[in-house]
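Each remark here refers to the structure printed beneath this line.
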Protein chains: 2
Amino acid sequence: MAVTGEERPGGGHRIVKPPSMVELAAASVRRMILGGTLLPGDRVIENRLTEELGISRPPLREALRMLEHEGLIRQSPHRGAVVTPLTLHDVYEIVTFRRELERMAVTLGIPVVEESRLDRCWEAVRRMEQAADRRDEAALSETNFDFHLAVVGLAGHQRLETAYRSLQLQMQLCMAFNRNARAQRRESAGANVLRHRRLLRVIENGDPDEVLAELEQHGDRTFLDDLPDTLDPGSAQAQRWLEAERAR
Amino acid sequence: MAVTGEERPGGGHRIVKPPSMVELAAASVRRMILGGTLLPGDRVIENRLTEELGISRPPLREALRMLEHEGLIRQSPHRGAVVTPLTLHDVYEIVTFRRELERMAVTLGIPVVEESRLDRCWEAVRRMEQAADRRDEAALSETNFDFHLAVVGLAGHQRLETAYRSLQLQMQLCMAFNRNARAQRRESAGANVLRHRRLLRVIENGDPDEVLAELEQHGDRTFLDDLPDTLDPGSAQAQRWLEAERAR
DNA sequence: CGTCTCTCTATTGTCGACAATAGTCCGCCC
DNA sequence: GGGCGGACTATTGTCGACAATAGAGAGACG
């Protein structure tokens, strides 16, 4: 798999700029990880990747730094990088943190003060619908991602949005991890789109609490039920949390 | 200023490992930024730094990536890096986000479940006291930093702690920015230490709400009052926020 | 006199090669 | 036979040089 320029063919915000090698490399490796080519715990060997991607090591190393800060890999000095090995504790951190960021975004961003931010959400839903029509699983996942990011973007809080993006990526990592163990989505793509439309209408309605309630439904409940038992707990704290969460 | 190995002489967690160039470089440049050698808006030119630090560009570039993700610099393709230019909107983001992360940490981490985490806090206070006795401003600031990080660490939430660290760094950037405009601390070092001791006792007490109340007092109120009027507002959202915040 | 274009330079982006380290495998000694 | 020490290899860390870009400045044209 060599690096290619067609990241987000439909709706990226980049116009004609030739992306740098490190962005390209980061995107490629990210896809490998989220797509399940590289699994949690796998070593990420620089030489192997430079060969596959056709670039040299320095930009690749920068790309790996980016992925590290996105939480997708971990690096230790002189020992190289590893796709973040997930324990239950990691899942705990990811889910709780992500939820909290969403809460904050809703609190800050609703009711919506700037029309253009809502447009971004609608645009995402629109592209999501197109993807659903095409039965394009990859695009559906991508636009789903964009939608949630756009919702968080309603807060007009760049740092919050960046952090959320990172968490969302790690959430996808969790799901890539689980892909082997279970049927991914029981829900039809159409229902999925509808659910997002409904969320967006609630958002337009302007009541933060309603939005939070809707998000509560939106989520990870089924994901948490399907966690494989083989998962390393990582901490008692996380185990207690999962139990409490499942009991709800 | 060449790179040196003596980062955190007192209490770093590294034992004998010779740190890599990129860590060293990141630490050096971080110091330049937080110490006010490089001011918000200043261009960060790679060649200049490689010369000053005595290292080559690839590791420096990795270091700059790190600093970018810490929020201390911004990079745009082919245009290089700039020390994050602060607008009021940035201050708004930093302060609100930081506060929210503290809130989350307190909610998750208190009452404290693991004794060792509290030890880390006490250790930080102890070192803070030593720094105060030595009238060592730099060490005081550093240990103050560590203390807050340790408090957030009570949550046992790695990702939260990392995010908080980043926000705390950006907070220091704000303060470095303001250093020129006003007298920094009106409070004696001793009172400062005492305030932290009190906070820690409230923490041991185990009531999250009490801790939050204490943190509320702890903070940025005076900082917000002293913001220079020359600061670019950045957004109406931020201006409204500052007004509301000052009215409290 | 202003503006537009073209060159020219400062700076960033990328590369291939060299140095240093950690983990491994083999032989050796007990 | 098992544990220990030492070379070897795979991999990461670092470097200097080359390529490509963006911005600034000088010159020509309207």
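In what follows, chains carry the letters A, B, and so on, assigned in the order in which the sequence lines appear, proteins first and then strands, with residues in each chain numbered from 1.
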Note to self: Salt bridge check, B:R117 against B:E114: does any charged N sit closer than 4.0 Å to a carboxylate O?
What the structure shows: yes
Checklist line | Nearest-Å distance for atom pair CG/C1', residues A:L60 and D:dG13 | finding: 14 Å
Checklist line | Listed partners of A:S235 passing side-chain hydrogen bond (donor to acceptor under 3.5 Å, both in side chains), at least two apart | finding: A:H89
Note to self: Below the 4.0 Å mark, does C:dG13 have OP1 or OP2 next to a side-chain nitrogen or oxygen of B:R61?
What the structure shows: yes
Note to self: The criterion is side-chain hydrogen bond (donor to acceptor under 3.5 Å, both in side chains); which residues satisfy it with A:D136, sequence neighbours excluded?
What the structure shows: A:R134
Check: With sequence neighbours excluded, what pairs up with A:E62 under the side-chain hydrogen bond (donor to acceptor under 3.5 Å, both in side chains) test?
Finding: B:R61, B:R65
Checklist line | 5' precedence on DNA chain C between B:I45 and A:V22 (nearest-nucleotide basis) | finding: B:I45
Checklist line | Distance, rounded to the nearest Å, where B:R48 contributes CZ and C:dA10 contributes C1' | finding: 10 Å
Checklist line | Length of the line joining A:E51:CD and D:dA10:P, which is rounded to integer Å | finding: 13 Å
Next item on the list: Report the distance from atom CD of A:Q75 to atom P of D:dG13, rounded to the nearest whole Å.
Entry: 7 Å
Next item on the list: Let me know the distance between CD of B:E68 and C1' of C:dT12, rounded to the nearest Å.
Entry: 14 Å
Next item on the list: Go through the structure and list residues passing side-chain contact (heavy atoms from CB on, under 4.5 Å) with B:H196, not counting sequence neighbours.
Entry: B:M128, B:N144, B:F147, B:H148, B:N192, B:H218
Next item on the list: Using a 4.0 Å heavy-atom cut-off, write out nucleotides 15-20 of chain D from 5' to 3' as B (base contacted by protein), S (sugar-phosphate only) or - (no contact).
Entry: BB----
Next item on the list: Report the residues that fulfil side-chain hydrogen bond (donor to acceptor under 3.5 Å, both in side chains) with A:R120, sequence neighbours left out, ordered by chain and then residue number.
Entry: A:E161
Notebook entry, point to check: Counting just side-chain N and O atoms, does B:R79 come under 4.0 Å of either OP1 or OP2 of D:dG23?
Noted result: yes
